[in-house]
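Just passing along the structure, written as structure tokens.
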There are 2 protein chains.
Amino acid sequence: MQDILFDFISKYISLTEEEKNAILSLDIFRTVNKGTVLLEKGQQSPNSYFVLKGCIRVYYIIDGEEKTTAFYTEMEGITPHCVVNKTPSDYYISCTEDSILLVSDADMGIEMNTKFPKFEIMCRMLSEELLAKQQTAFDEFKTSSPEQRYLSLLQNRPDLIQRVPQHQLASFLGIKPQSLSRLRARIAEKSRG
Amino acid sequence: MQDILFDFISKYISLTEEEKNAILSLDIFRTVNKGTVLLEKGQQSPNSYFVLKGCIRVYYIIDGEEKTTAFYTEMEGITPHCVVNKTPSDYYISCTEDSILLVSDADMGIEMNTKFPKFEIMCRMLSEELLAKQQTAFDEFKTSSPEQRYLSLLQNRPDLIQRVPQHQLASFLGIKPQSLSRLRARIAEKSRG
DNA sequence: TTAACCCGTTCACTTAAGTTAAAAAAGAAA
DNA sequence: TTTCTTTTTTAACTTAAGTGAACGGGTTAA
């Protein structure tokens with residue numbers, strides 16, 4: 001599991017043994033059961049999450065309805081809004097599968113970034129990369145229809161469609177579960193001719 | 001104009017005179033005319049843009065149609081996808097007004113970040129902040145209807161609705177110009193009773 | 001001044017998503 | 001197993017967005 005982490009980091013910076021040990025000594029590996037809620041609305045947790053194995057999801061409860069807006073799977077991570085802005089969270093985060101996560105809090109980030117300036121660089125690179133990716137995803141969402149979004153998801157993240165319940169996928173695609181079901185039927189109809 | 005920049009930076013880090021001079025010596029202030037295209041599809045420019053005054057917009061051309069996905073106004077900036085990933089750009093960037101911009105290229109960023117580690121820190125903070133903001137905006141977009149998006153824009157960025165053409169706003173809201181026009185009529189109808 | 005173009009609006013029509021409700025299918029618990 | 005619950009599908013109906021076309025106001029260019 002540690003190797004997976006260090007492999008990932010090595011894409012951005014190279015670590016000495018000392019630095020690797022410093023990371024390991026933080027003891028940030030956590031195994032988490034399916035269904036565990038990592039962050040609740042109104043909470044102001046300092047924790048960031050990075051998925052080594054499994055899947056976590058971000059969702060809101062609006063008018064009593066769950067609205068899922070994001071999934072994070074292997075080698076993806078999230079620093080919640082509430083950590084960055086030090087405000088209560090608007091959303092929930094929970095595990096959709098038994099997962100292995102890295103859980104780091106803001107203080108650990110500051111400590112590591114101070115002790116090892118390399119870390120600061122990696123964090124900046126990661127944020128910039130994520131920001132650019134996020135922007136592209138947003139642009140694609142804005143410029144396409146629900147059906148196109150679904151087809152594109154089928155292309156780019158086919159695993160998600162398998163491992164995640166449809167009604168969560170629906171709000172992720174910006175529509176209602178019934179519409180997703182209908183849309184799928186429509187596509188199947190077309191491909192049958 | 002320089003004061004505006006240094007005021008902005010002071011929210012993140014404090015600068016010495018030496019550092020301020022280093023920034024000024026980069027000579028990054030540019031005045032740009034309305035309509036100027038800063039980045040074209042297919043180009044691989046190294047430039048990031050920060051708006052001191054005016055407005056720039058990001059747009060795609062899909063099936064011959066312009067699709068505007070983002071506006072950046074005073075104190076907002078963008079590092080295009082193509083800079084981060086060193087790939088040709090998928091989109092265009094142009095000025096919707098006569099503007100004063102900061103234009104910096106990737107090399108300058110690297111140079112400043114190396115010379116002044118403080119800068120690295122600011123860049124990380126900015127990216128993290130923008131990423132969190134962007135995520136919230138995306139979530140809001142996903143969980144609301146075109147009408148709600150328009151009303152929310154009216155609340156949060158009323159200036160945009162004034163300074164930007166409707167047909168550009170429409171795709172920014174994820175709909176067609178005709179639909180925006182109709183939607184506005186519907187809202188006016190309601191408020192009249 | 002006229003002609004051409006762009007933009008915002010309106011209209012009629014089509015298509016697809018939202019809504020409400022119910023049935024069917026799949027999973028989890030007793 | 002049977003029961004209970006959750007998830008997915010289906011259906012009928014409503015609402016709103018997409019589409020294609022046309023009109024009028026405003027600007028620009030010939």
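Each chain gets a letter, A, B and so on, in the order the sequences are listed, and its residues count up from 1. Keep in mind that the numbers below use all heavy atoms, side chains included, and drop hydrogens, waters and symmetry copies.
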Cation over ring face, B:K142 and B:F138, 6.0 Å, 45°: yes
How many whole angstroms separate atom CD1 of A:I175 from atom P of D:dT8? 13 Å
Minimum-distance nucleotide (side-chain atoms of A:Q178 versus D:dT9, C:dA17, C:dT9): D:dT9
In whole angstroms, the gap separating P of D:dT7 from CD of A:E65 amounts to 13 Å
From the options A:K41, A:R57, A:K176, select the one residue that forms a salt bridge (Lys or Arg N to Asp or Glu O under 4.0 Å) with A:E66. A:R57
Can you pull out the residues from residues 162-172 of chain A that lie within a 4.0 Å heavy-atom distance of DNA chain D? A:P165, A:Q166, A:H167
Flag the pair B:F172 / B:F71 as yes when their ring centroid distance falls below 6.0 Å, and as no otherwise. yes
Is there a side-chain contact between A:E76 and A:L130 (heavy atoms, below 4.5 Å)? no
Would you mind listing every ring pair (Phe, Tyr, Trp, His ring centres under 6.0 Å) that reaches into residues 84-106 of chain B, with sequence neighbours excluded? B:Y59-B:Y92, B:Y60-B:Y91
Examine the base of C:dG18 for any acceptor or donor lying under 3.5 Å from a partner atom in the side chain of A:R182, and report the outcome as yes or no. yes
To the nearest angstrom, how far is A:L180 atom CG from D:dT8 atom C1'? 10 Å
Non-hydrogen side-chain atoms of B:C82 and B:L39 separated by less than 4.5 Å: yes
Can you check the A:D63 CG to C:dT20 P distance for me, whole Å? 12 Å
If you assign B:K176 and A:R184 each to the DNA chain D nucleotide with the nearest heavy atom, which residue ends up on the more 5' nucleotide? A:R184
In whole angstroms, how far is the C1' atom of C:dG8 from the CG atom of B:L183? 14 Å
Can a side chain N or O of A:S179 be found less than 4.0 Å away from OP1 or OP2 on C:dA17? no
Rounded distance in Å - CD (B:E189) to C1' (D:dA16): 16 Å
To the nearest angstrom, the NZ-P distance between A:K67 and C:dG18 comes to 8 Å
Nearest-angstrom distance from the residue atom CD1 of B:I187 to C1' of C:dT9: 15 Å
Counting only side-chain N and O atoms of B:R186, is one of them less than 4.0 Å from OP1 or OP2 of D:dT15? no
Examine distances only and state if a side-chain atom of A:S181 and a backbone atom of A:P177 form a donor-acceptor pair shorter than 3.5 Å. no
When you match A:K34 and A:S145 each to their closest nucleotide on DNA chain C, which lands nearer the 5' end? A:S145
